[in-house]
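The sequence lines fix the lettering, A, B, ..., with proteins before strands; numbering per chain opens at 1. All values below were derived from every heavy atom in this structure, side-chain atoms included, with hydrogens, water molecules and symmetry-related copies excluded.
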Amino acid sequence: MPSHFIREIVKSDLKTGKWNGCVQTRFPPEPNGFLHIGHAKSICLNFGLASEFGGLCNLRFDDTNPTKEEDFYVKAIIEDVKWLGFDWGDRMFYASDNFVQLYEWAVKLIKDGHAYVDDLSADEIRQHRGTLTLPGRDSPYRNRSVAENLDLFERMKDGEFVDGAKVLRAKIDMASGNLNLRDPVLYRILKVPHHRTGDRWCIYPMYDFAHGQSDSIEKITHSICTLEFEDHRPLYDWILDKLGVYHPQQIEFARLNLAYTLLSKRKLLQLVEEGCVDGWDDPRMPTISGMRRRGYTPESIRDFCERIGVAKANSTVEMALLEHCLREDLNKRARRVMAVLRPLKIVITNYPEGQVEEFAAENNPEEPEAGSRKIPFSRELYIERDDFMEDPPKKFFRLAPGKEVRLKHAFIIRCEEVVKDDGGNVIELRCTYDPDSRTGGATAGRKIKGTLHWVSSQHAKKAEVRLYNHLFTKVNPADEKECPDLKTGLNPDSLEVLKDCLVEPALAEADPGERFQFLRMGYFCVDSKESKPGAPAFNRAVTLRDTWAKISKKKG
RNA sequence: UCGGGCAUUGUCUAAUGGUAGGACGUCAGAUUCUGGUUCUGAAGGUUGGGGUUCGACUCCCUGUGCCCGAGCCA
């Protein structure tokens, strides 16, 4: 297994005994949206490192902003982390668990002269902050007495002031090159009920005044977060230092970017709210729930997260790797079945009318123990429309006038006649079969290049199939330059619904969430929301690798 | 322009002064009752310039490019 710099840090800490042999990590989502594949990277990293080195990983909700957070998201996040295969035991925490302690710590900072109540408006604070190149200016309220600060802060807590009237600020350095150190806001007034603490509080700590201390309280050893918090580390260090409490080590890594995919919770929420998708769990969404509904396995996602590595350089991973991980997993496990997505009728003219035979079909060539099933064969069948061409190019191994193909698990047939409607559209093929060519038969060994999947007309069941493609036409839809308006970046072909598909009889009763390989077509998953017994709906998780598609595309 | 960070094949990622390696992708071939799988092979890389060294992706100097930062968001 390839290692990465964070694993090396943990290993070395273990060797030197820096944390007394402990590894304690945590995954700290804000419950303001659904988890996506980028979060999966962090989840696998934090839980993975803990289990690899005999440590523990907590689940902690960073719920310091009641205007954006909901219990609805808490539930979804719990389900997703569990589904990915991780367990936090009894260590599920909330930053809001620490509100009392955080308040007391704020009081301590005030008493020690490290924090003050500021009456400046948000706008004035911004003006005093200076710019990236120019230092800021002290607030006129910066030097209030400890007693006055204590009094004011308590009255903030007691609800005496309106939202925005006052804030508590750290007294650090208005000239610091690091903007986070220019007297950052620690507490703000928000007369908004909190999903857990209700209306007990009307002041709430900022993330920066909650995160580091929550890590400290939970005795986190390696506080792993993404690159944008690198500039905040000096602030966390300052707070923990002034408080004189346990001090975890923060380590930053680059967040995941995926080509043609949006991994910003804010923008994903926009897609949901504007109805561009069928909710957070739309199979086109990069959310864990969307990928689950699409047919991704937890194993494939974990494998992906291991393969992409962990580093500090920004990078964009190709979709092909994610798809490879899914195919590799499903190739081993998914039952093979036959489904015709765009049916074309064929009649075997020399096959007795009314006769039905049953042939054995292996369920998975990669796993003989998966056994086999019986599939019915009759005179009238359906094949894939794309598997016939009236005027085929050279390397076309499929059906064409006068050409032979093998029907998987059945006979070799020859196309004798093409039937068209008044519009010149092919509506039926009349074929003959070689009765000895059945599996095990006298002429079964004949070299035939093409093998097609099929269903028996009278036995097949109708099904709906959804074909998904990437949601965006832009490699980086999050880039405002590349994609100024989210909606115009959407791929108009991200979803194709096929209503008249025909599947093997047994598939009509498939269970929600069950995954199959539709022979030669791809991996499909029974939709967990809309599939009904007798009226199945399948989502295409990923196509099979398709060298023919590549060849024909190249030729134009 | 200030502070912080980052640059290795098309993509992701190793190499911690000693043969630049792996994965995905691409291309070619073999096998195959899935144009799938499997197997074999190939092409392809150290951001530019200087230095130190027997030897530099690695150390030093100096450019260049990219990312993050001016929320009472996280």
Side-chain angles (χ1 to χ4, degrees), chain A residues 2-4 8 28-30 32 62-65 67-69 118 120-123 125-127 129-136 163-169 176-182 184-190 203-204 206-208 210-211 226-234 252 254 256 259 265-266 307-325 327-328 331-332 336 338 362 365-366 395-398 405-410 412 437 439 444-446 448-453 517-522 543-552:
Chain A
S3 196
H4 53 71
E8 293 310 309
E30 183 191 11
N32 68 341
D62 269 329
D63 55 351
T64 54
N65 184 357
T67 65
K68 290 186 177 166
E69 296 146 7
D118 197 348
L120 254 29
S121 69
D123 204 41
I125 288 183
R126 190 180 324 119
Q127 283 161 15
R129 187 151 32 224
T131 68
L132 293 178
T133 50
L134 263 23
D163 287 14
K166 289 180 171 26
V167 289
L168 182 73
R169 289 229 255 168
S176 172
N178 182 345
L179 289 289
N180 297 116
L181 263 21
R182 316 244 263 230
V185 171
L186 267 23
Y187 263 92
R188 75 288 218 193
I189 302 170
L190 244 32
I203 57 171
Y204 293 93
M206 297 290 291
Y207 170 85
D208 280 347
H211 190 81
T226 43
L227 252 26
E228 66 270 28
F229 293 104
E230 214 154 14
D231 281 348
H232 296 239
R233 178 156 32 90
E252 306 86 6
L256 170 67
K265 258 199 274 183
R266 203 190 89 240
R307 288 194 199 217
I308 56 178
V310 179
K312 293 193 71 159
N314 292 310
S315 60
T316 302
V317 177
E318 289 175 344
M319 194 61 96
L321 179 60
L322 220 206
E323 295 183 338
H324 169 81
C325 292
R327 288 193 191 105
E328 189 175 80
N331 175 52
K332 291 178 300 195
R336 270 61 167 175
M338 295 201 284
E362 61 186 347
E366 306 294 320
K395 290 250 177 105
F396 189 78
F397 305 155
R398 307 176 184 183
V405 294
R406 186 187 304 276
L407 294 179
K408 180 77 179 173
H409 306 306
I412 294 168
S437 63
T439 309
R446 285 169 55 201
I448 299 289
K449 281 234 188 74
T451 301
L452 307 187
H453 62 281
Q517 185 195 104
F518 288 0
L519 232 52
R520 306 205 307 134
M521 302 306 288
T543 60
L544 253 29
R545 281 187 69 224
D546 189 347
T547 53
W548 169 246
K550 230 179 310 186
I551 294 167
S552 54

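- Side-chain contact, A/S176 with A/N178: no donor N or O sits under 3.5 Å from an acceptor N or O.
- Residue A/S315 places no side-chain N or O under 4.0 Å from the OP1 or OP2 atom of B/rU11.
- Between A/R266 and B/rC73 there is no side-chain N or O to OP1 or OP2 distance below 4.0 Å.
- As judged by a 4.0 angstrom heavy-atom cut-off over every strand, A/F396 is placed among the base-contacting residues.
- Side-chain N/O atoms of A/R188 include one lying less than 4.0 angstrom from OP1 or OP2 on B/rC73.
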Start with the C-alpha distance between A/E230 and A/K312, add both sets of side-chain angles, then the distance that settles side chain to side chain contact (heavy atoms under 4.5 Å, CB included), and finish with yes or no. CA-CA 11 Å; A/E230 214 154 14; A/K312 293 193 71 159; 2.4 Å; yes
Strictly under 4.0 angstrom, non-hydrogen atoms only: write out the protein contact profile of nucleotides 19-29 of chain B, one letter per nucleotide from the 5' end, B, S or -. ----SSSSS--
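- Between A/R233 and B/rG5, a side-chain N or O to OP1/OP2 separation shorter than 4.0 Å is absent.
- B/rC59 and B/rA7: their P atoms are spaced 11 Å apart (whole Å).
- For A/D546 and B/rG35, a side-chain-to-base donor-acceptor distance below 3.5 Å is absent, hydrogens and geometry of angles not being considered.
- Remark: the A/E366 side chain and the B/rG36 base include a donor-acceptor N/O pair separated by less than 3.5 Å.
- Across the C1' atoms, B/rG22 and B/rG3 are found 37 Å apart, a figure rounded to whole Å.
- Side-chain proximity of A/L132 to B/rG35, B/rC72, B/rC2: nearest is B/rC2.
- Not a single donor-acceptor pair under 3.5 Å links the side chain of A/T226 to the backbone N or O of A/E228.
- Applying the 4.0 Å criterion to OP1 and OP2 of B/rA74, one finds that A/T64 has a side-chain N or O inside that range.
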Using the rule given for ring pair (Phe, Tyr, Trp, His ring centres under 6.0 Å), can you reason through A/F396 versus A/W548, listing the C-alpha separation, both sets of side-chain angles and the distance that settles it, and then say yes or no? CA-CA 8 Å; A/F396 189 78; A/W548 169 246; 5.7 Å; yes
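- Distance from the side chain of A/A311 is smallest to B/rU13 among B/rG69, B/rG4, B/rU13.
- With respect to the salt-bridge test (charged N to carboxylate O, under 4.0 angstrom), the residues A/E323 and A/R545 do not qualify.
- With hydrogens and angles ignored, a donor-acceptor pair closer than 3.5 Å exists between the side chain of A/Q517 and the base of B/rU34.
- In the set B/rA70, B/rG35, B/rG36, the nucleotide with an atom closest to the side chain of A/K395 is B/rG35.
- Both key distances under 3.5 Å define a Watson-Crick or G-U pair, and stretches of 3 or more such consecutive pairs in RNA chain B run B:2-7 with B:64-69, B:10-13 with B:21-24, B:26-30 with B:38-42, B:47-51 with B:59-63.
- Of the side-chain N and O atoms in A/R129, one or more sit less than 4.0 angstrom from OP1 or OP2 of B/rC72.
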